[in-house]
Structures are given as C-alpha cells and as structure tokens.
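Data block below; observations after.
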Number of protein chains: 2
Amino acid sequence: MECQTKDFQQEHKKEMRAVQDAMDVLSGKWKIPIISSLCYYNQRRFSDILNDIDGISNRMLSKELKELEINLLVKRTVLDTQPVSVHYQLTDHGLTLRTIIDNLTAWGVTHRRKIVGK
Amino acid sequence: MECQTKDFQQEHKKEMRAVQDAMDVLSGKWKIPIISSLCYYNQRRFSDILNDIDGISNRMLSKELKELEINLLVKRTVLDTQPVSVHYQLTDHGLTLRTIIDNLTAWGVTHRRKIVGK
DNA sequence: CAGGATCCTATACGATACTG
DNA sequence: CAGTATCGTATAGGATCCTG
C-alpha cells in the first residue's frame, strides 16, 4: 500500500469516473430491461416493449426511451401507418452493450443462487 | 417476429429478471465505485475508501458497505488496534464482478467519446 | 397506437453533528 | 478511526386520465 503514488491513485479515479459515466446511462429500474428487450427482439414497437417488461408504465417507458435516444443508444422510427406505429431499435452504439448485458445476466443468476441458496 | 412462441418470450423474461437482480445489487450512485475501489486496492480501510471516492459521505459509505456485506460481496474485518481500524475487502463472490466492472469502465470511456464528441 | 400532463409518494441522497 | 443519528431536499417512480 505504501508504494502507491499519486499517479496510481489518479489513474484509478479516472477509471471510476468512466464506470460512473456508464452507470449514469444504465442505472435505474428500466433502462437495462428496455435495452435487453431491444437486444432480444431487434426491432420493437412501443406497446410491444410495454408488454415485454412487467410492471413498467407508459410514462416511464416513454421517459426512458427518450433518454436512451439522447444517449444515442436507441433509434426511433415513425412509420406513417394509420394509426401511426413507432419502431425502436438499438443503434450500433447501443449494440455494444450486448456483452455487458450478457455478463450481468449470467452474474445475476449465480448471485441469486448465492443469496437465496439453492 | 410472428414465429415467436410463448416459450421464447418466457425465456426472455427470465433473462430480464436475472439482469434486474444484478442491477438491484449494483445500482445507485456508490456501489460500483466502492467495489471498484476494493478491486483496485484489494484491502482498504473505511477512511481510505472515503478518500478514494470523490463526494461520498460517511453516512452513505457506511450504508452501502452494509448492503454489500449483506449481499456477500464484501467482508468486514475489525482489527483490535487502538483506536480500532476496520478492513474491507471483496469476497470471492465479489471478485466475480471484476469482468463486469472492467467492461463497464471500457464502455464508459467510449461512450463519453461518443457523446461529448472528441 | 404512442405518448403527454398531472399529481402524488417513497426513497435515495446530502449536510451536519455527535459518540465509543 | 469508524461509524450513528437526525434532519432536510431532490429525484425516481407509480397511478390515472387525456389526446392526436
């Protein structure tokens, strides 16, 4: 411990800022489920996602999708049907989250086993 | 899309529950920075962590460490020195988060570049 | 169908002060 | 040093109703 220089610590703080940047985008109750849904189904309408995710309200879905759009993770496409339908899909950048989601899924499974016990 | 069976959807909902389980443990402002700190330094005292993480209060650190302990991610050890010092370290189970944290860190970096522009 | 507007509650979090 | 207690605020999120 005594050998740790200021640079060493600064390097770590930089890393922490990066993880927090990531978590700022992904935290909350619904972001990951939404991304997960779009990952799984590739292309999805508003009401489909509403159905994919148990317990989410339209208000929340709308709000979260907007934030994901702002963060360039999701692309919104309005189709001029009657009545209008709207498609959501992950951008290329959004797709780069796939590995993380998969890892989190796997970890979630083993964690539950660990906590609840089997 | 039309070929998706009920089973297919149920499988996906299971996966989503798993990611949410993971996020329940990791969400919030401080959990990941704390784990990151313990990952980096291996063993750390309360006041050290307080120093590692910019902006965290002792109240929050105390609270978050307790939750991490309950989730078996962190082990607390009291050393009978005068005055007492307390060591925190990741459990084996906590260490399994390393990959995820590394991935999130890397993703955070590219995401910031993407959003802020370079 | 795809949302927006409104209202309300819970909890996350912050600041400060105190203790063994 | 390693916390706990107390108080206050802000934000996340839920419920319900409305609209082009």
Is B:Ser85 near enough to D:dC1 that one of its side-chain N or O atoms lies under 4.0 angstrom from OP1 or OP2? no
Does D:dG3 have its OP1 or OP2 closer than 4.0 Å to a side-chain nitrogen or oxygen of B:Tyr88? yes
Taking only N and O in the side chain of A:Lys66, is any of them less than 4.0 Å away from OP1 or OP2 of C:dG3? no
Side chain to side chain donor-acceptor pair (under 3.5 Å) with A:Glu69: which residues, sequence neighbours excluded? none
Whole-Å distance, A:Arg44 CZ to C:dG3 C1', equals 18 Å
Can you see if the side chain of B:Lys63 gets near the phosphate of D:dT4 - specifically, an N or O under 4.0 Å from OP1 or OP2? no
Quick one: pull up CE in B:Met60 and CD1 in B:Ile34 and give me the separation to the nearest 0.5 Å. 10.0 Å
Would you kindly give the NE2-to-C1' distance between A:His87 and C:dA2, to the nearest whole Å? 12 Å
About how many Å separate CD1 of B:Ile35 and CG of B:Leu95, when rounded to the nearest 0.5 Å? 10.5 Å
Carboxylate-amine/guanidinium contact B:Glu67 B:Lys31, below 4.0 Å: yes
A:Asp21 and its salt bridge (Lys or Arg N to Asp or Glu O under 4.0 Å) partner, picked from B:Arg112, B:Lys114, B:Arg113: B:Arg112
Nearest whole angstrom, please: distance from the P of D:dA2 to the CD of B:Glu64. 18 Å
Could you tell me how far apart A:Lys31 (NZ) and D:dA12 (C1') are, to the nearest whole angstrom? 10 Å
Interatomic distance where CD1 belongs to A:Ile53 and P belongs to D:dG13 [whole Å]: 13 Å
Nearest-angstrom distance from the residue atom CE of A:Met23 to P of C:dC13: 11 Å
Between the side chains of B:His12 and A:Ser36, does any donor sit under 3.5 Å from an acceptor? yes
Nearest to side-chain heavy atoms of B:Ser47, which nucleotide of D:dC1, C:dA2, C:dG4: D:dC1
So how far off straight is the helix from C:dC1-D:dG20 to C:dG20-D:dC1, going by the axes through five pairs at either end, to 10°? 50°
What's the spacing between A:Leu90 CG and A:Arg44 CZ if we round to 0.5 Å? 12.5 Å
What does the B/S/- profile of nucleotides 14-20 of chain C look like, 5' to 3', with a 4.0 Å heavy-atom cutoff to protein? BBBB---
Answer yes or no: is there a donor N or O on one side and an acceptor on the other, between the side chain of A:Thr96 and the main chain of A:His93, under 3.5 Å? yes
Give the rounded distance in Å between these two atoms: CD of B:Gln20 and C1' of D:dG13. 14 Å
Quickly work out the A:Glu67 CD to C:dG4 P distance and round it to whole Å. 13 Å
Has the side chain of A:Thr91 got a donor or acceptor atom that lies under 3.5 Å from a matching backbone atom of A:Leu72? yes
